[in-house]
Amino acid sequence: MPDKPRGEGWGDEPDPPYQTPRMALLVTLGVLGGHTLVTVLNVLGEEPGAARIALLAVCLAALLPLQFACSTRRPRTWPVPVRVLTLCAQAVVTYLPLVWLGMPWGAMTGLLGGSILLLVTGPLRWPLFALATGAIVPIVVTIAGTGIALYSLGVTLLFSLIVYGVSSLSDLVSELRETRREIAGMAVVRERLRVAGDLHDLLGYSLSAITLKTELSHRMVVPAPDRARAEIAGVFGIAGEALTDMSLVATGYRDMSLVAEAESARSVLTAAGIEAVTELDCGPLPRELDTVLAIVLREAVTNALRHSKAEHCTITAVREGGTVTLRVRNDGVGETSRDTTGGGGSGLGNLAARLNGVGGEFTGRPTEDGWFELLAHAPLEPAKGPKADPDTGGAAAVDRTDGAGSEERAPAAPHWAVRMARGMLVAVVVGYTLVVVINASAGAESGRELLGFLGCLAVVVALQFLHSLRRPRTWPAGTLALSLTLQALATYAPLLWLGAPWGSMAGFLAGSLLITLVGTRRLWLYGAAVGVIAPLAVAAGNPLYDVVYLTDSSLVAGLVIYGFTALYRLVIALHEARGALVRLAVDRERLLVERELHEVLGSSLSAIAMKCALVQRLLPDGPEAAQNELTAVLDLSRRALADVRLVARGYRSLPGAREKPERRGAHDAALGTHLAEDRSLTLRQEDAAI
């Protein structure tokens with residue numbers, strides 16, 4: 001039989017996460033209702049009188065509202081006195097009715113155990129849970145003897161876990177949603193810090209070089225027009241590169257070459273009147289390391305140009321074994337030494353962060369011979385493996401974006417919520433398996449029959465784990481149909497020798513049908529899988545009470561298996577959506593950054609490029625006009641450099657992903673004030689230097 005295409009009922013994806021609260025509420029109500037029905041049937045099975053039935057109704061009317069509130073109202077947010085009073089009241093209406101209702105009421109102790117897990121926090125939680133659930137043992141021994149004491153304890157523990165699971169996982173998903181929003185905000189903050197660093201390291205260098213070359217050209221227009229023309233050509237090229245860098249700052253990554261950067265550095269240093277010597281003996285480098293070292297060199301040269309009075313500068317790079325060392329030295333010790341720990345992702349502190357990202361180290365310090373030395377040391381092959389993610393509390397996927405825009409993701413360790421949900425699911429399946437074994441073993445008349453039953457049950461449980469822990473809705477239709485058929489055969493085959501249904505016989509199969517299929521068809525098949533139990537029980541001579549009990553227990557088991565599986569998958573879906581949400585938030589931030597950079601710097605850089613082209617046409621015939629244009633270029637470059645510094649400062653100072661409009665307006669006003677002050681201060685400093 002050919003496989004049915006995906007998207008036609010067999011291979012659809014799980015229900016979307018926004019259905020989680022409603023689905024969890026329905027599952028919770030179904031489980032509580034089914035368990036209450038079992039208790040009522042247990043009481044009615046002993047043919048009670050009217051007085052006991054009335055007492056049963058009163059007890060249920062007192063207990064069920066308490067349990068419903070604990071299961072649906074976030075009880076851990078209640079005041080401590082309210083929680084204590086609630087637990088005391090529930091304990092009374094759980095254990096006191098055992099005096100007149102006897103063992104049939106004992107199943108309700110599972111509700112109390114679940115409520116303790118939902119209400120209590122801290123060191124008293126598990127001891128109190130053990131005390132409340134373990135109390136069923138002496139009660140059962142007193143009322144019914146030791147024969148079923150262990151069984152009663154197991155059922156109590158199982159149902160406590162079920163109540164806690166279906167009641168708490170909905171809140172867990174809500175918490176994960178909030179966590180995802182916080183992570184996305186933190187990712188945007190990190191993106192802003194990256195933008196600030198790149199603005200400082202890439203555009204700051206380019207604009208400083210433009211300023212220096214423009215000053216030199218301005219002085220050379222009359223005495224050496226050819227030299228001035230050559231320098232203007234260099235300014236034109238740097239302006240073009242700066243425009244490219246402006247786009248790359250917004251998109252996140254660019255490939256750079258240490259060799260090419262060394263050549264550019266020597267040209268810029270020479271234009272500034274600094275004697276430059278370069279010796280590169282490191283050979284080809286890995287792309288990421290090559291880029292980082294090129295940025296380190298660019299920032300080192302920028303600091304030498306801006307902050308020192310250097311006359312000599314040496315640049316060396318050597319490879320020693322599995323490491324490479326870049327050393328930049330200049331004889332202008334001064335303001336440079338103050339920036340060795342520049343924080344906030346700027347200056348030399350930003351370089352240390354970049355080198356740490358590739359497993360390297362960075363230092364900057366004055367030397368004994370009166371020079372200032374910047375030293376970058378990094379391995380050629382940094383250690384691989386997933387990095388710890390402080391946002392999730394464990395190892396998480398690490399995104400790396402290369403120059404082409406593709407992404408590499410290291411495998412992520414399961415989130416704690418995913419592990420918790422999976423552990424609960426496994427515990428519930430194992431608990432139901434033990435209950436089924438106990439119930440069915442009583443119907444086996446020989447060891448061979450029991451062995452055959454256990455073999456069929458092993459097949460059922462193995463397929464159930466595959467259906468619950470994998471993604472069967474993505475399987476081919478033929479594979480899925482085969483697995484469901486095998487589970488159905490293994491479910492009903494023991495009837496050939498046991499002769500009668502047992503406990504929640506069809507619960508696993510019913511749960512698998514809800515898990516693997518979609519639409520109304522799964523509801524019909526779910527009902528049919530459980531519905532056959534009633535005629536089978538009648539044919540085996542079971543009384544009406546047993547018929548209803550067997551049917552109800554299978555319905556509840558299927559609903560519990562489905563609920564825990566669906567919630568487990570929704571936790572996984574939300575956890576996986578974390579990465580997508582972060583990437584979307586960062587992409588949105590990059591678009592905003594690109595727009596802001598274009599508004600602040602794009603026009604200035606374009607004007608510089610056009611004026612440089614005009615100066616090249618004016619030389620050598622129009623030196624006065626060329627000088628006027630160079631004066632305008634110099635003013636534009638100074639203003640652009642001030643803008644870069646202030647924009648980078650603004651990105652570093654923002655506390656969150658996006659501020660509220662009123663706060664953003666105040667920030668923009670302050671930014672404008674600082675911009676005017678920074679421009680004025682920069683112009684005075686540059687004029688003094690000239």
Between Ser160 and Gly110, is there a donor-acceptor pair closer than 3.5 Å when you use the side chain of the first and the backbone of the second?
yes
Nearest non-hydrogen partners of Met505 and Leu495, listed with the distance
SD-CD2, 4.0 Å
Only one of Leu117, Val120, Thr133, Leu119 clears side chain to side chain contact (heavy atoms under 4.5 Å, CB included) with Leu128; which?
Val120
List the atom of Leu101, the atom of Arg52, and the distance in Å for their closest heavy-atom pair.
O-NH2, 3.2 Å
List the steps and the verdict of side chain to side chain contact (heavy atoms under 4.5 Å, CB included) for Ile116 and Tyr164.
CA-CA 9 Å; Ile116 290 174; Tyr164 170 65; over 6 Å; no
Closest heavy-atom pair and its distance - Ala506, Thr491:
CA-CG2, 4.2 Å
Residues at least two apart in sequence or cross-chain that pass ring pair (Phe, Tyr, Trp, His ring centres under 6.0 Å) with Trp126, listed by chain then number, are Phe129
Looking at OG1 of Thr39 and CG of Leu63, how far apart are the two atoms once the value is rounded to the nearest 0.5 Å?
9.0 Å
Could you tell me whether the side chain of Gln67 reaches within less than 4.5 Å of the side chain of Val163, counting heavy atoms only?
yes
Under the side chain to side chain contact (heavy atoms under 4.5 Å, CB included) criterion, do Trp78 and Arg73 qualify, and how do the steps go?
CA-CA 9 Å; Trp78 298 348; Arg73 300 297 180 185; 3.8 Å; yes
Rounded to the nearest 0.5 Å, what separation is found between the CG atom of Leu87 and the CG atom of Leu118?
9.5 Å
Taking all non-hydrogen atoms of both residues into account, name the closest pair between Leu514 and Arg522 and its distance.
O-NH1, 3.0 Å
How about Trp524: does its CH2 atom have over 12 heavy atoms from other parts shown lying under 6.0 Å from it?
no
A side-chain contact here means heavy atoms from C-beta on lying under 4.5 Å apart; do Leu457 and Thr433 qualify?
yes
Distance check, rounded to the nearest 0.5 Å: Leu559 atom CG versus Leu555 atom CG?
8.5 Å
Kindly assign one of parallel, tilted or perpendicular to the pair Phe508 and Tyr432, based on the angle between their ring planes and the thresholds 30° and 60°.
perpendicular
Could you grab the distance from atom CG of Leu425 to atom CZ of Phe564, nearest 0.5 Å is fine?
8.0 Å
Checking Leu466 against Gln487 for the side chain to side chain contact (heavy atoms under 4.5 Å, CB included) test, could you report, in this order, the C-alpha distance in whole Å, the side-chain angles of both residues, the deciding distance, and whether it holds?
CA-CA 11 Å; Leu466 286 176; Gln487 190 171 15; over 6 Å; no
Rounded at 0.5 Å granularity, tell me how far OG1 in Thr520 sits from CG in Leu525.
9.5 Å
Main-chain N/O of Glu449 paired to Trp497 side chain as donor or acceptor, under 3.5 Å:
yes
Between Thr86 and Gln90, do the side chains contain an N or O donor and an N or O acceptor separated by less than 3.5 Å?
no
Close side-chain approach of Pro97 to Leu55, heavy-atom, < 4.5 Å
no
Are Val426 and Phe465 close enough that some pair of their side-chain heavy atoms sits under 4.5 Å apart?
yes
Taking Arg569 for the side chain and Arg470 for the main chain, is one N or O donor matched with an acceptor at less than 3.5 Å?
yes
Residues Ser468, Thr565; criterion side chain to side chain donor-acceptor pair (under 3.5 Å); working and verdict:
CA-CA 5 Å; Ser468 295; Thr565 301; 3.0 Å; yes
How about Val461 and Val430: do any of their side-chain heavy atoms sit closer than 4.5 Å?
no
My understanding is that only one of Leu463, Leu517, Thr479, Leu489 makes a side chain to side chain contact (heavy atoms under 4.5 Å, CB included) with Leu484; could you say which?
Leu517
Which heavy atom of Leu480 sits nearest to which heavy atom of Ser483, and what is that distance?
O-OG, 2.8 Å
Is any side-chain heavy atom of Phe453 closer than 4.5 Å to a side-chain heavy atom of Val436?
yes
Main-chain N/O of Thr551 paired to Ser554 side chain as donor or acceptor, under 3.5 Å
no
Calculate, to the nearest 0.5 Å, the distance between atoms CG and OG1 belonging to Leu513 and Thr516 respectively.
5.5 Å
Minimum heavy-atom separation for Thr36 and Met108, please, with both atom names.
OG1-CE, 4.4 Å
Is any side-chain heavy atom of Leu536 less than 4.5 Å from a side-chain heavy atom of Leu550?
no
Pair His35, Val556 - check side chain to side chain contact (heavy atoms under 4.5 Å, CB included), show working.
CA-CA 7 Å; His35 192 67; Val556 172; 5.7 Å; no
